[in-house]
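Worksheet for the structure shown next.
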There are 2 protein chains.
Amino acid sequence: MSAEDERPDLAAMLHPLVRELIAVELPILADHGVSMWGYSVLTALDGTPVRTQAALAEAIGADKTRIIATLDELQDAGLITRIPDPDDRRVRLLSITPKGTRIRRAVRSDIRTREDQLLSALPAADRRAFIRILRTLHERG
Amino acid sequence: MSAEDERPDLAAMLHPLVRELIAVELPILADHGVSMWGYSVLTALDGTPVRTQAALAEAIGADKTRIIATLDELQDAGLITRIPDPDDRRVRLLSITPKGTRIRRAVRSDIRTREDQLLSALPAADRRAFIRILRTLHERG
DNA sequence: TATTGTTATACTCTATAACTATA
DNA sequence: TATAGTTATAGAGTATAACAATA
């Protein structure tokens, strides 16, 4: 049996990494006053408005019932707009506001700084390869 | 702003990957009659007995109260032994049984097959690099 | 009747704290 | 008194189903 066969399962390696990343992100998000789901929504809306809440929910891998409280908070904080479509008043047209864009990008910048620290355990070439491969896997999904 | 700066956050790429892996693993685990935590315990015990339940819990990133039901199930199914240490009857000596070892390795083999399918979207060199880098990050933790 | 968004309910997971038995 | 294991309780997060408004 080769050493490769003895490696931990992918999930056993990836899951702790995700937990570590979440632990790193939570205080950053708290500093900027947004939740994890809120940041996820802002990220999805930055650059591309979305026509229905259900479509937004699917885009970020959530249930449509799960993001309603999040949208309420973001709207109350002035980070998104949520206006009924005049053509079909059942649907809500969702957009990020300038303030929402500012916050989203500030959060992303802080997260990127911490990610770089975390990846600094790797040689530069591996760092680049890891991100490139991860993007391939992500875009494939 | 370069394309690299526009990449999704690490967590945004890794989290869906973990969810996909879990979705792939759950039916495999069900086929073999073990839970995710059960498999995690069997993996930790395969090759190295553990002296206390608290140590085992910490090794797999769980709370000591969270694995008790799992240990009950594994013991009832004959996959582990849990015997009081004669030298200190508060502690339970935990070991995997031959049956537990068989099941653990069968599960791992099935999971590996599905992981390979998932990674088949990558060129062979990237596949090897991804796993190698992941192991570095994992062992660093 | 079908669809969008919303609310309500129940269920699962997890964390915290109390309890027991040994030391 | 301190520690290993256990049990009980409460809380957060999630999923399902029912509901209201609009088409």
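Chain letters run A, B, ... following the sequence lines, proteins first and then strands; every chain starts at 1.
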Note to self: With a 3.5 Å distance limit and no angle check, can you tell me whether Lys64(A) reaches the backbone of Leu56(A) through a side-chain donor-acceptor pair?
What the structure shows: no
Notebook entry, point to check: Under 3.5 Å, is there a donor-acceptor pair between the side chain of Thr97(B) and the main chain of Gly78(B)?
Noted result: yes
Note to self: Less than 4.0 angstrom from a charged side-chain N to a carboxylate O is my criterion; do Glu115(A) and Arg108(A) meet it?
What the structure shows: no
Check: Once you round it to whole Å, what is the distance between P of dT7(D) and CD1 of Ile67(B)?
Finding: 13 Å
Checklist line | Residues Arg105(A), Asp46(A): salt bridge by 4.0 Å N-O rule | finding: yes
Next item on the list: In sequence, state the C-alpha distance, the side-chain angles, and the governing distance for Gln75(B) and Thr81(B), and then conclude on side-chain contact (heavy atoms from CB on, under 4.5 Å).
Entry: CA-CA 6 Å; Gln75(B) 188 176 20; Thr81(B) 59; over 6 Å; no
Margin query: Testing the 3.5 Å rule here: is there a donor-acceptor pair between the side chains of Gln53(B) and Arg92(B)?
Written below: no
Notebook entry, point to check: Would a distance-only check, ignoring hydrogens and angles, find a side-chain to backbone donor-acceptor pair under 3.5 Å from Arg140(A) to Leu137(A)?
Noted result: yes
Item checked: Short side-chain to backbone donor-acceptor contact, Ser95(B) and Pro49(B), under 3.5 Å -> no
N/O-N/O pairs, protein side and nucleotides 15-17 of chain C side, under 3.5 Å:
residue, atom, partner, partner atom, Å
dA15(C), OP2, Arg66(B), NH1, 2.5

Margin query: Taking only side-chain N and O atoms of Arg92(A), does any of them lie within less than 4.0 angstrom of OP1 or OP2 on dT3(C)?
Written below: no
Checklist line | Euclidean distance, atom CZ of residue Arg51(A) to atom C1' of dG5(C) [Å, nearest integer] | finding: 13 Å
Next item on the list: Rounded off to whole Å, could you give me the CD1-to-P distance for the Ile83(A) and dT4(C) pair?
Entry: 18 Å
Next item on the list: Rounded off to whole Å, could you give me the CH2-to-P distance for the Trp37(B) and dC13(C) pair?
Entry: 11 Å
Notebook entry, point to check: Could you give the CG-to-C1' distance, from Leu71(A) to dT6(C), as a whole number of Å?
Noted result: 12 Å
Checklist line | Distance, rounded to the nearest Å, where Met36(A) contributes CE and dA12(D) contributes P | finding: 17 Å
Check: What integer distance in Å separates Leu26(A):CG from dG13(D):C1'?
Finding: 14 Å
Next item on the list: To the nearest 0.5 Å, tell me how far His15(A) NE2 sits from Ser40(B) OG.
Entry: 10.5 Å
Notebook entry, point to check: How close or far is atom C1' of dT22(C) from atom CG of Leu93(B), stated in whole angstroms?
Noted result: 15 Å
Grab the N/O contacts between the protein and nucleotides 19-23 of chain D below 3.5 Å, and write none if there aren't any.
residue, atom, partner, partner atom, Å
dA23(D), OP1, Arg89(A), N, 3.1

